Every structure is written in C-alpha cells, then in structure tokens.
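In the text below, chain A, chain B and the rest are named by the order of the sequence lines, each starting its count at 1. In this text, all values refer to a predicted model and were calculated from it rather than measured experimentally.
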There are 2 protein chains.
Amino acid sequence: MKISTKGRYAVRLMVDLAQNNTGENISLKDVAKRQNLSLKYLEQIITLLTKSGYVISTRGSNGGYRLAQKPEDYTVGMILRLTEGSLAPVACVEGDVNECPRKDDCCTIFVWKKLYKAICDVVDNITIADIVNMGADNYII
Amino acid sequence: MKISTKGRYAVRLMVDLAQNNTGENISLKDVAKRQNLSLKYLEQIITLLTKSGYVISTRGSNGGYRLAQKPEDYTVGMILRLTEGSLAPVACVEGDVNECPRKDDCCTIFVWKKLYKAICDVVDNITIADIVNMGADNYII
DNA sequence: TAAATTCATAGTAAGCTTATATGATATGGG
DNA sequence: CCCATATCATATAAGCTTACTATGAATTTA
C-alpha cells in the first residue's frame, strides 16, 4: 500500500512547474536542482506527463516544460493514475477489467470497494493549485 | 498502492475461521480447500496471526485454529497492519519513525496525511463480524 | 505406531522499484 | 555553420518484494 517515488516525484514535479511558472520554459535541470532529485529519473517521469498532454515540452536550447493547463485543472489523482497505474487497492474492484470469478460469493469485496472509494475521494479532490496555495506551515489536517 | 495477497488472504482466513466456528479446532487444510488457497502459503500467514494472539493454535491430530476473540473484536486494519506492515501511503507520515528532512518545507505531505487518514478510517471501522454479517448479494456500496 | 496436524526454515522464479548510463535529436545564439 | 543546452529514447542493473513451493521437524490423538 505504498505510493512509489515515481508517483510522488511526479506530483512534486507538477507542483514545481506551477510554483515556478513565469510563462517561460522551465528546464528539468532546474527542477531537479530545486527538488534535489535525479535529472535522469525525472526525465523518465516527465515523459509520461508530456505524452498524456499534462505538460508541454519544447526541445532545444532555452527549451523546457510548462503546464498545459492551469494548476487547478490537475488533480493528484490524475497524476498518480498516470504514474502509478490504477489506484484500486485490489485488482478485482477496478471496473470490469479484472473481474474475479469469486466475485458473486466474495464477502470481502465490499471492503476493498469502500477503501477504493475513500482513496479516490481524497486524491480526486486535491489539485495542484491546492498544494501550491497551501503554505508550508499553516495547514491543518 | 496494492494490498498484497498476503493481506487479503489473512482477512479471508479470519473470516473463514469466524464463519466456520463451531467451538472446535478448524484445520488449515479445510480452510485452504474452502478458500481455494495454497495450504503452505496459508501456514506462513497464520503464523503471524497466532504469534500476535489473534488466533489460537492447537498442534497434533484434531488440532487446528480458532479465533482468540469474537469476530467483532478484529478490524480489517488490525489484520492488514500485521500482514502488510504500515498502511501509510508514504513512509514520512507514519509517526515519527521515518521523519523526512524536508518535512517542514514539504507542501505535499498534507496530501499523504489526508490519504492515510482516509485509509485508516475505512479499515479501522470494518470488523470481521461486519464481513460475516454482510450477505454475499445484499450489500450496497 | 501411524496419521494428522502445526511449526520452522530455506529456496526460488518472476516482477517491480529506483534509479544510472549512453547517446541521439532538436533548437537558438554567436 | 558550430556549439551549448535542452529534450527524447533505450538499455542496464542492483536490490527488493511477491507469491509461492519444498523439506522436514515437532506434537498430539487414536
């Protein structure tokens, strides 16, 4: 039940792009420096974000990345699903794709469905803008 | 963000012991047959449950297992924590053990804390008794 | 003593995680 | 045209986790 570094770094990456947006391209090198993360690893992660259109890339000198839309248009859930895959805690509750043959007499499936819903309720209701606007010290859980 | 088979099987195991309780020992062989799971794998899993006192074991012929307490005394959370380890989605939110040096200027930590709380709210409020009482077909999410 | 059971430990194939390494490709500025 | 600076594309790899299987010892009842 862990979120991998890939998913966490992807969120930090998006937040960094939002925080440092000046309208110009932001180089991944700068992001890596600010976030203290491996550039090469971030390159792999941002590939996912660009290919799905969340981030716009510009090659060459003075190239870099920018968010395609506003920070409030991206939820944490969108980013995690892209990098982590499905957020379903067990395969048998993610739609009809991985239906379990025991589904009809499985009495535990409702537990996993409830858990899945709780997870989605959190990650689908926090946006990158929410994270940016959240001061470092003044949040209350 | 997946719950492993170990955790899921442990829950099914506990539910099976609750459902088939007659006051006598229940052999793991029977559980494995009913649940269609590997006996040897279940042996490893139930070791965790016996060592922490959730299940009482009796060796020898006519030996087997019984729940130490009533089904309503065991939450899904208790069982999952035992088998899966911490349910924290990231290490830095599980108490003070794995504190992150970036903690004070990390703006994403509140996301993981909120997620952690949502997960706990679900698993700590469903007991084995709830699962047993939940008919196979008549639950509503 | 034999059968049935739990208990203990070791092994293992496959896949995932978390990167690092190498180099190709594209762009702007001098 | 050349060079520095970027992104883009693959390959590699150590270490860990998952999901078991295997072997056999210890215990208890009939």
It should be established whether [X] places a side-chain nitrogen or oxygen under 4.0 Å from OP1 or OP2 of nucleotide [N].
{"X": "B/Y65", "N": "C/dC7", "answer": "yes"}
{"X": "A/K6", "N": "C/dT18", "answer": "no"}
{"X": "A/T5", "N": "C/dT17", "answer": "no"}
{"X": "A/Y9", "N": "C/dA19", "answer": "yes"}
{"X": "A/S4", "N": "C/dC16", "answer": "no"}

With the side chain of [X] defined as its heavy atoms from C-beta on, choose the nearest nucleotide among [options].
{"X": "B/Y41", "options": "D/dT21, C/dT6, C/dA19", "result": "D/dT21"}
{"X": "A/E43", "options": "C/dC7, C/dT18, D/dT7", "result": "D/dT7"}
{"X": "A/S61", "options": "D/dA9, C/dG28, D/dT28", "result": "C/dG28"}

Is there, by distance only and without an angle test, a donor paired with an acceptor across the side chain of [X] and the base of [N] below 3.5 Å?
{"X": "B/K40", "N": "D/dG24", "answer": "yes"}
{"X": "A/K2", "N": "D/dT17", "answer": "no"}
{"X": "A/R59", "N": "C/dT25", "answer": "yes"}

Original post:
Mapping B/S27 and B/Q44 to their closest nucleotides on DNA chain C, which lands nearer the 5' end?
Top reply: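 Closest to the 5' end, via its nearest nucleotide, is B/S27.
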
Separation of [X] atom [atom1] from [N] atom [atom2], in whole Å?
{"X": "B/L42", "N": "C/dC7", "atom1": "CG", "atom2": "C1'", "result": "15 Å"}
{"X": "A/I45", "N": "D/dA9", "atom1": "CD1", "atom2": "P", "result": "16 Å"}
{"X": "A/L49", "N": "D/dT7", "atom1": "CG", "atom2": "C1'", "result": "14 Å"}

Subject >> Sidechain N-carboxylate O distance under 4.0 Å for A/K117, A/D121 >> reply: yes

Subject >> Between CG on residue B/L28 and CG on residue B/L17, distance to nearest 0.5 Å >> reply: 8.0 Å

**OP:** Quick one: closest heavy-atom pair of B/K2 and A/A88, and the distance?
**Re:**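 Distance-wise, the nearest heavy atoms are NZ-O, 2.7 Å.
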
**OP:** Please examine the side chains of A/V55 and A/M14, heavy atoms only from C-beta on, and report whether any two atoms are closer than 4.5 Å.
**Re:** yes

Original post:
Is the closest side-chain heavy-atom distance between B/L39 and B/E43 below 4.5 Å?
Top reply: yes

Original post:
With sugar-phosphate meaning primed atoms plus P, OP1 and OP2, does A/T58 contact a base, only sugar-phosphate, or nothing at under 4.0 Å between heavy atoms?
Top reply: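 Sugar-phosphate contact only - A/T58 comes under 4.0 Å of backbone atoms but never of a base.
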
**OP:** Would you mind classifying the nucleic acid contact of A/I46 as base, sugar-phosphate or nothing, using non-hydrogen atoms under 4.0 angstrom?
**Re:**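 Result for A/I46 = nothing.
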
